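This report concerns only the one structure given below.
All figures in this text were calculated on a predicted structure; none of them were measured in a lab.
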Amino acid sequence: TILSMAMLFTMAVTPVYAASESSAGSLYKDVPTSATYYPGLAIQNKLGIFVGDDNGNFNPEATITRAEAAAVVVRLKGLEGTISSGSSTIFSDVPSSHWASGYISTANAMGIVVGYGNGMFGPEDPVKYEEILTMIIRAMGYDPMVESRGGSWPGNYIGVASSIGVKSTEGGSVGKEAPRKVVASLLYSALKAPLMEVVSWGSR
């Protein structure tokens, strides 16, 4: 049996959203409050999922690295407090000294990221649209649905994402690097989508 639960973060998100709406201006110098993705971005900022730089900018058109993608997806699951710095990973290009080693190690252990298949993860490579979407769907527990529907990657993950409402209002396409505003939009839609929880497997 697979039980679907609403992943709405109701207790945390509602007051945060209200606070962001009543603030005098944008949290970021380079993102106006009128931006379509701003409300979701403000919530992610308050929850510590996806934040800007030390200069007060979000850099919406810049891409994020695969290491950064692993970090935001682990935070999306609420596992920030379990991450320890200096964690070892199975990837030869992610030493324990890497700032994201703990995130990558956790994401890999949970099956959210698997690397390139040659012992490399490519932590500094820009994340592609289909890669971050796949990470999000895996983090939400939808791999069983992806497998049951069949198909090949990334179409199988894109199909499941569409069916549960995980999508970007800011565009994004397969094979292209994902701008930060696209990632923010995907993460926000994931916060509002149902979480798939595997309770037990039937005999069929």
Take F50 and E68 through the test side-chain contact (heavy atoms from CB on, under 4.5 Å) and record every step on the way to the result.
CA-CA 9 Å; F50 202 13; E68 291 170 333; over 6 Å; no
For D93 and Y116, test the side chains for any donor-to-acceptor distance below 3.5 angstrom and give the result as yes or no.
no
Less than 6.0 angstrom separating the ring centers of Y28 and Y38, yes or no?
no
Has S105 got a side-chain atom pairing as donor or acceptor with T89's backbone, closer than 3.5 angstrom?
no
Side chain to side chain, P60 and D30, heavy atoms closer than 4.5 Å
yes
Quick one: do the D143 and Y157 side chains pair a donor with an acceptor below 3.5 Å?
yes
Would you say Y129 and L186 make side-chain contact, with heavy atoms under 4.5 Å?
yes
Nearest-0.5 Å distance, CE of residue M145 to CD1 of residue I164
7.5 Å
Side-chain contact, heavy-atom cut-off 4.5 Å: I112 with K77?
yes
Linking I/L/V/M/F/W/Y whenever any side-chain heavy atoms sit under 4.5 Å apart, do V114 and V74 land together?
no
For residues T63 and V182, determine if any side-chain heavy atom of one lies less than 4.5 Å from a side-chain heavy atom of the other.
no
Using 0.5 Å steps for rounding, measure from the CD1 atom of I49 to the CG atom of L187.
7.0 Å
So among T134, I137, L133, V166, which one has a side-chain contact (heavy atoms from CB on, under 4.5 Å) with V160?
I137
Are any of the side-chain heavy atoms of T169 and Y188 separated by less than 4.5 Å?
no
Atom NZ of K29 and atom CG of N59: how far apart are they, to the nearest 0.5 Å?
11.0 Å
